[in-house]
Amino acid sequence: MNNSTPVRSLLVRGMLGGLGAAVPALLVAYLLGEPRVDAAIAFEESQPHSHEGGVELVSRSMQSTAGLATGILVYGIALGGIIALAYCFALGRIGRFGPRATAMLVSGTGLVALYVVPFLKYPANPPAVGNPDTIGQRTTLYFLMMLLGLLLTLAALVLGRRLAPRLGNWNATVVAAAAFAVAVGLAYAFLPSFNEVPADFSATLLWQFRLATLAVQATLWLGFGLLFGHLAERLLNPRPAAAAAPGAVASAA
């Protein structure tokens with residue numbers, strides 16, 4: 001990507017793409033995630049050790065509507081801006097891909113590296129699942145897994161590019177992907193795990209909640225790739241005036 005590329009314009013379009021992708025992600029979160037959260041809260045409140053008489057600073061209805069919308073929309077805008085900056089660096093450096101394909105590659109890679117990799121080791125838990133005493137350790141390990149996912153992804157990309165001249169693009173990609181999978185597997189094996197699900201908690205509800213969180217993230221990241229790819233394409237490869245108005249030539253004749 002050369003110095004004349006409008007980075008600021010791409011950043012703005014990235015934030016707009018993140019906002020646009022956050023809308024369907026919000027719908028997925030509300031339709032799939034919130035009913036599972038309500039069920040988990042009902043289970044927690046049914047337990048004899050549940051806390052009584054606590055002051056509810058924000059009502060549950062506010063959390064599941066305005067609070068949810070604010071959180072996802074702001075997250076989408078911020079995420080869009082960050083991915084747009086990564087896109088500016090990646091464009092033209094990861095192969096002969098156009099603006100749209102590059103956007104999908106960056107977005108899909110980010111989803112795998114920053115969400116799927118830590119999710120498979122430390123999946124999200126609904127209310128009533130998890131020991132409050134270990135929340136600090138679990139949070140630290142989750143962010144460590146995110147960092148490892150990012151670093152291992154970058155290492156796999158570098159490995160693939162270096163092997164490509166000798167092995168060919170396909171074989172180099174397979175070797176890099178295998179090395180990435182092995183490295184992630186070793187990280188999973190050596191990092192501590194947590195099994196803090198109550199014995200009487202519904203396994204179906206637990207996995208429905210986790211799949212819902214995965215669906216929200218996939219909708220956000222991949223939706224962003226589609227929207228931002230379209231916006232970046234229009235900015236970087238504008239249509240010629242004649243193509244934009246095909247009737248102009250006929251009128252002039």
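Along the sequence shown, residues are numbered consecutively beginning with 1.
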Is there a side-chain contact between [X] and [Y], using heavy atoms and a 4.5 Å cut-off?
{"X": "L152", "Y": "V117", "value": "no"}
{"X": "I83", "Y": "W221", "value": "yes"}
{"X": "V112", "Y": "T153", "value": "no"}
{"X": "P126", "Y": "F201", "value": "yes"}
{"X": "F89", "Y": "V106", "value": "no"}
{"X": "M104", "Y": "L222", "value": "yes"}
{"X": "Q137", "Y": "T140", "value": "no"}
{"X": "L26", "Y": "L68", "value": "yes"}

- Task: State whether the number of non-hydrogen atoms from other residues, nucleotides or ligands found under 6.0 Å of Y30 atom OH is greater than 12.
- Result: no
- Query: Should we count CZ of F143 as having more than 12 external heavy atoms under 6.0 Å?
  - Reply: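 Open.
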Heavy-atom pair with the smallest gap, counting every atom of [X] and [Y]:
{"X": "F119", "Y": "Y142", "value": "N-CE1, 4.4 Å"}
{"X": "N169", "Y": "A164", "value": "OD1-CB, 3.5 Å"}
{"X": "P118", "Y": "L114", "value": "CG-O, 3.4 Å"}
{"X": "A103", "Y": "G229", "value": "CB-CA, 3.6 Å"}
{"X": "L10", "Y": "A232", "value": "CD2-CB, 4.0 Å"}
{"X": "L205", "Y": "A40", "value": "CD2-N, 3.9 Å"}

Can [Y] be reached from [X] by stepping across I, L, V, M, F, W or Y side chains whose heavy atoms are under 4.5 Å apart?
{"X": "V184", "Y": "V182", "result": "no"}
{"X": "L206", "Y": "L211", "result": "no"}
{"X": "V175", "Y": "F180", "result": "no"}
{"X": "L73", "Y": "L231", "result": "no"}
{"X": "V158", "Y": "L154", "result": "no"}

Rounded to the nearest 0.5 Å, what separation is found between the [atom1] atom of [X] and the [atom2] atom of [Y]?
{"X": "M62", "Y": "T70", "atom1": "CE", "atom2": "OG1", "value": "9.0 Å"}
{"X": "L214", "Y": "Q217", "atom1": "CG", "atom2": "CD", "value": "8.0 Å"}
{"X": "Y75", "Y": "L79", "atom1": "OH", "atom2": "CG", "value": "5.0 Å"}
{"X": "L16", "Y": "F228", "atom1": "CG", "atom2": "CZ", "value": "10.0 Å"}
{"X": "I82", "Y": "L11", "atom1": "CD1", "atom2": "CG", "value": "10.0 Å"}
{"X": "F224", "Y": "T219", "atom1": "CZ", "atom2": "OG1", "value": "15.0 Å"}

Side-chain donor/acceptor of [X] to backbone N/O of [Y], under 3.5 Å:
{"X": "K121", "Y": "A187", "result": "no"}
{"X": "R161", "Y": "L157", "result": "no"}
{"X": "Y87", "Y": "S107", "result": "no"}
{"X": "T213", "Y": "R210", "result": "yes"}
{"X": "R36", "Y": "L32", "result": "yes"}

- Message: What verdict does the side-chain contact (heavy atoms from CB on, under 4.5 Å) test give for N171 and L163, after you've listed the backbone C-alpha separation in whole Å, the side-chain angles of each residue and the deciding distance to 0.1 Å?
- Response: CA-CA 8 Å; N171 291 332; L163 293 177; over 6 Å; no
- Item | CA sep, side-chain torsions, deciding dist, call: L148, M145, side-chain contact (heavy atoms from CB on, under 4.5 Å) | CA-CA 5 Å; L148 284 174; M145 202 67 238; 4.3 Å; yes
- Task: Classify the ring geometry between Y122 and F194 as parallel (under 30°), tilted (30 to 60°) or perpendicular (over 60°).
- Result: tilted
